[in-house]
Each structure stands twice: as structure tokens, then as C-alpha cells.
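All figures in this text were calculated on a predicted structure; none of them were measured in a lab. Positions are given from 1 along the sequence.
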Amino acid sequence: MAKHKEKKTKLEDQNPSEGEGKMYDDETQNSQHQDIDEGKSIKKNTKKKKKEKYTVTMEAIAENPNNISPIVGYFPSGYDPLRNNNDGVEELSTKLYRNAKRSNRLQLVVSPNGSQVDFVGTNYSGEATSAQLCTYSLGVLDKETQTLKIVPIAGNKIIRLEPRVRGSEVPETEDPDTAKQELTVEERNDKMRELTQMYSSKKSIRQARKLDSLRQQEDTGNQEEFDRNIAGAINKEALEVAVTIDSARNVPPHDLDATTPELAYPLDRIISKGEWDYLLDVFKLTEAGAEMTPDLYPSFVCNRSYKLEHIQDEDEKKRLAGIFSFITHLVKFKDKHSMDGVSSAKHQKIPGILFQKFSSMFAISDSKRLPEEKKNLLINYVLVLTLFADDFRSDPSDIAKDLRMNAVALRPYYEYLGCKFVHEKKVLLATLPVPLVFPSLRRKRRGR
């Protein structure tokens, strides 16, 4: 009996009493009510804080070369100019320096008040020399005038501000940590080549390799050796034919009895057989998938480069690409020996076989300027080749721009070659009817 009572006592001790359970329930209910009341007060507070809305007039300001656009600097060291001031703004001295010889080189110096450390950053060394894949702009909201002005950041660069102890000796032209200087063109090309090899697609890598091989062929150092190798390979007969043109007409070799426009000005007498091998630059660019830039090629050629993509026959494609290349060399040769176009032909590499041919055909004088008669002959050669490129229905507007002439002033040149003009979809086109009929030569009357 005693043992049974002990077990019963233990069981009663384990179970809470009814009063205790009721107290626990009341406490939990009170805490729940308190939480609900606090939630209501929070909702009331959030309702009071409404976001302010502005109807603003937005203005995008273009970069002005005469004024310095905003520059953004950041502190990679973790320095916070807003941390040590009760008003939220620390007194800072900010100065911007521009190189006297190179106006595009800027240096930003931020000096905290009372500190011996300056934060210095440049846009021509260190991180700023990496490729800029994005452009940046800064927006400034004026709440009073309700205007939002968006301005570009100078040079599309964000300047990294590195800490430097004031008075320490630091070279002006290099970073003390990295000692990085401005990259040369060759170094930049090498870096781009490495990045292309590491991260680009297979197609981009193939295109880059083809472009590199093309640049190597046109390298200045190889140009002299190239000229020496082909010096004895010039087709003398073709050159004599080109030079001994009909004295009565200042036009390329022609056939008055031709029955088709292609035979009226025989292409094989304008571009000799041995010259086609030196007119492959446009063809190689097309095969590499690269675009022709206006600074290297005339607008006439750039605007018609799409034709090469639609030609399936390789020989026909090389023929048209060779005509484009020959036109380019003629236009650049004219620019090289004229006052208004010499800068555009400064870096143009004309193959030696063509340069010697042009020099003989157009008789450069001691002043390195083309005589007026020979300049007109060069223009006639260019126009005949443009007719071939346009299937003898040519719009003269873009080639006139390349020759630095007015399209209206170029019209007599076409007529001198035996061309006729027709209107097609409100565009004036030059055509070449056969057989060739040259206009009669007009002589100016002398004044009485």
C-alpha cells in the first residue's frame, strides 16, 4: 500500500494544476493583445510617412569640349568623408589639374581638412587605362525648380582616388604601386589579342587571326622589302599601253566599236593581269568578316561592300573586290598629291607596282602636285571603275564626296566619257550606252 501511494504522488507532481494552466493561458493572451496593439500603431506610423512625388522636367546635357563635365571619384581605401562630422559633411579641398601639353589628361586631388594625406587619382594611369565598356552619366534633381539634369561624366571614366602622404616623393608620370604608364598602340593591341584569345568565341578568334595576318602583310617594315621584290615584276607592256592613251581624248583605254558597256572600256587594259594579286585587301577583309572604315576606304566602297556578301562565285567576288581596292588606291593617290586631302592619305599603303604605275601615268611634277590635265585623267579612271562596280548604272553622289567635288560639277566628267543620265526613283544615275559616242570638244571663244 505504501508503494502505491508513492507512485500516485509522483504522477500528481508531474501534472500542472488547473490554476497554473489558467494563469499561463491568460499571460499568453495578454501578450498577443499587446502585439496586435503594437502592430496597429506601426501601421498608423507607416500610413503617415508618404513618399513624396515630383513631376520634373528632364534635360540631357551633351558634353561640351569647352567645359569640363562632372568627374566622379571614389575611395577604395574605405575612407568616408561623411563619417567624422556631426553635420554630415567634412570639409574637403578638391582640386582638378589638367596637363598643359595633353589637355585630355586630368588629375583629381581631394585633401581632407587637417590631414597630411591626400587622395589622388588620374584618368591616364592605373585602372583608368582599362577598356571602357560602359558610359556613365550623373543625374542632379533640383526640388525647387522641379528639374532633373543628366550630364555625362568626363571621359566616361570614374577616377580611383588613392591615398598619398603629403610631401612624399612620387613620380608624376607613374603610379607608385603599379608604375603603369600610358599603353602604346602595340601594347594595347597585344592585350586585346590576349583577351580575345581567352574569352571570345571561336568565330571571333578566327576573324582576329585573319586580321592580324592582313596587318602583318601591310606592315610598314615589310613594305620596303615588298617594293624591292616586285620592282622587277612590273608589266612593262601594260604600263606602256596605259601611258600611251589616245592623245585626242583624256580618257582611259576604250573601244568605239564595242557592243556592250563592259567592252567599251576594257577592264584588262585598266587593271593588268599581274596587278590583281596586289588588290586582295578588300577581299580578305570581307572573308574575315570585318567592316571597312571610312578613314581607310572611300565612302563609295564602304556603301557597296554589302554586294560582296551576296556573291557566291569566288572569282567574281575577287574581281569586284579588286575594283574596289583599285578605286581606293586611285582616290588615296589623288589625296596624297593634293592640298585638301593629304591628311586622309597619310597612312595609306599603296602597293609599289601600283604606285609606280600611277606616278608614270599621271606625271607628278616637282611640286608633288598633280597637273590639272592628269588629275582629270585620274578622275576619269575612277568614274569608269565606278560604272563597273554599279553595273553601269551609277549614283555619282558618294564618289563625288570622295573626290572632294560637287555632284553637279562631276556631271561633265561622266558626259566626257560618253555617259548619259537617267532618272530612276527620283535618283539621277549615270549610264553608259554603246557604241561609245563622245561629245564634241568645245573651245572657249576669245574675247574681242
How many angstroms lie between [atom1] in [X] and [atom2] in [Y], if you round to the nearest 0.5 Å?
X    : Y    : atom1 : atom2 : answer
M292 : C302 : CE    : SG    : 6.0 Å
K336 : I350 : NZ    : CD1   : 5.5 Å
F326 : L385 : CZ    : CG    : 6.5 Å
F324 : T286 : CZ    : OG1   : 9.0 Å
D395 : E424 : CG    : CD    : 10.5 Å
S111 : D118 : OG    : CG    : 3.5 Å

Any side-chain donor-acceptor pair under 3.5 Å between [X] and [Y]?
X    : Y    : result
E275 : S272 : yes
Y413 : N376 : yes
S299 : D398 : no

Can you classify the ring geometry of H310 versus Y306 as parallel (below 30°), tilted (30 to 60°) or perpendicular (above 60°)?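 If you compare the ring of H310 with that of Y306, the planes turn out perpendicular.
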For the residue pair H337 and F355, categorise the inter-ring angle as parallel (less than 30°), tilted (30 to 60°) or perpendicular (more than 60°).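 Geometry flag for F355 against H337: tilted rings.
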Determine the minimum heavy-atom distance between [X] and [Y], stating which atoms define it.
X    : Y    : result
G322 : W276 : CA-CZ3, 3.9 Å
P252 : L377 : N-CD1, 4.3 Å
G418 : L436 : CA-CD2, 4.5 Å
V282 : A321 : CB-O, 3.8 Å
S125 : T122 : OG-OG1, 2.5 Å
K332 : L296 : CE-O, 3.6 Å

Verdict with reasoning, L428 to R411, per side chain to side chain contact (heavy atoms under 4.5 Å, CB included): CA-CA 10 Å; L428 195 64; R411 181 168 180 171; 3.8 Å; yes
Can you check side chain to side chain contact (heavy atoms under 4.5 Å, CB included) on V117 and Y79, steps first, answer last? CA-CA 11 Å; V117 177; Y79 168 73; over 6 Å; no
With a cut-off of 6.0 Å (strictly less than), are more than 12 heavy atoms of other residues, nucleotides or ligands near NZ of K401?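 Counting other residues, nucleotides and ligands, NZ of K401 stays at 12 neighbours or fewer.
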With a 3.5 Å distance limit and no angle check, can you tell me whether [X] reaches the backbone of [Y] through a side-chain donor-acceptor pair?
X    : Y    : answer
S338 : D335 : yes
Q146 : K143 : yes
K357 : G352 : no
S359 : Q356 : no
N380 : N250 : yes
T147 : T57  : no
S394 : P396 : no

Tell me, do [X] and [Y] make a side-chain contact under 4.5 Å, heavy atoms counted?
X    : Y    : answer
I71  : I159 : yes
D390 : F300 : yes
E262 : F392 : yes
L92  : N113 : no
L161 : V120 : no
V151 : L138 : yes
F421 : Y414 : yes
L106 : Y124 : no

For F75 and F119: C-alpha separation, side-chain torsions, deciding distance, then whether ring pair (Phe, Tyr, Trp, His ring centres under 6.0 Å) applies. CA-CA 8 Å; F75 303 92; F119 294 89; 5.0 Å; yes
Report yes if the distance between the aromatic ring centroids of H329 and F333 is under 6.0 Å, otherwise no.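 For H329 and F333, the ring centres are not under 6.0 Å apart.
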I'd like to know whether the aromatic ring centres of Y381 and F358 sit less than 6.0 Å apart in this structure.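 No, the ring of Y381 stays outside the 6.0 Å limit from the ring of F358, centre to centre.
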List the steps and the verdict of side chain to side chain contact (heavy atoms under 4.5 Å, CB included) for L383 and L410. CA-CA 9 Å; L383 297 184; L410 197 61; 4.0 Å; yes
Salt-bridge present (K375, E372; N to O < 4.0 Å):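 Between E372 and K375 there is a salt bridge, with a charged N closer than 4.0 Å to a carboxylate O.
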So that I can tick it off, tell me whether E287 and K317 are bridged by a salt bridge, with the cut-off set at under 4.0 angstrom between side-chain N and carboxylate O.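 Salt bridge: yes.
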Only one of T328, D281, D402 passes side-chain hydrogen bond (donor to acceptor under 3.5 Å, both in side chains) with Y297; say which it is.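 Between Y297 and the candidates, side-chain hydrogen bond (donor to acceptor under 3.5 Å, both in side chains) is satisfied uniquely by D281.
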Trace of the side chain to side chain contact (heavy atoms under 4.5 Å, CB included) decision for K273 with D268: CA-CA 7 Å; K273 185 177 180 180; D268 57 351; over 6 Å; no
Do we get R160 above Y74's six-membered ring, with its NZ or CZ under 6.0 Å from the centre and within 45° of the axis?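 No, a cation-pi geometry is absent between R160 and Y74.
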Ring-face cation of K374 near F362 (centre distance under 6.0 Å, axis angle within 45°):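 No - K374 does not lie over the ring of F362 by the 6.0 Å and 45° rule.
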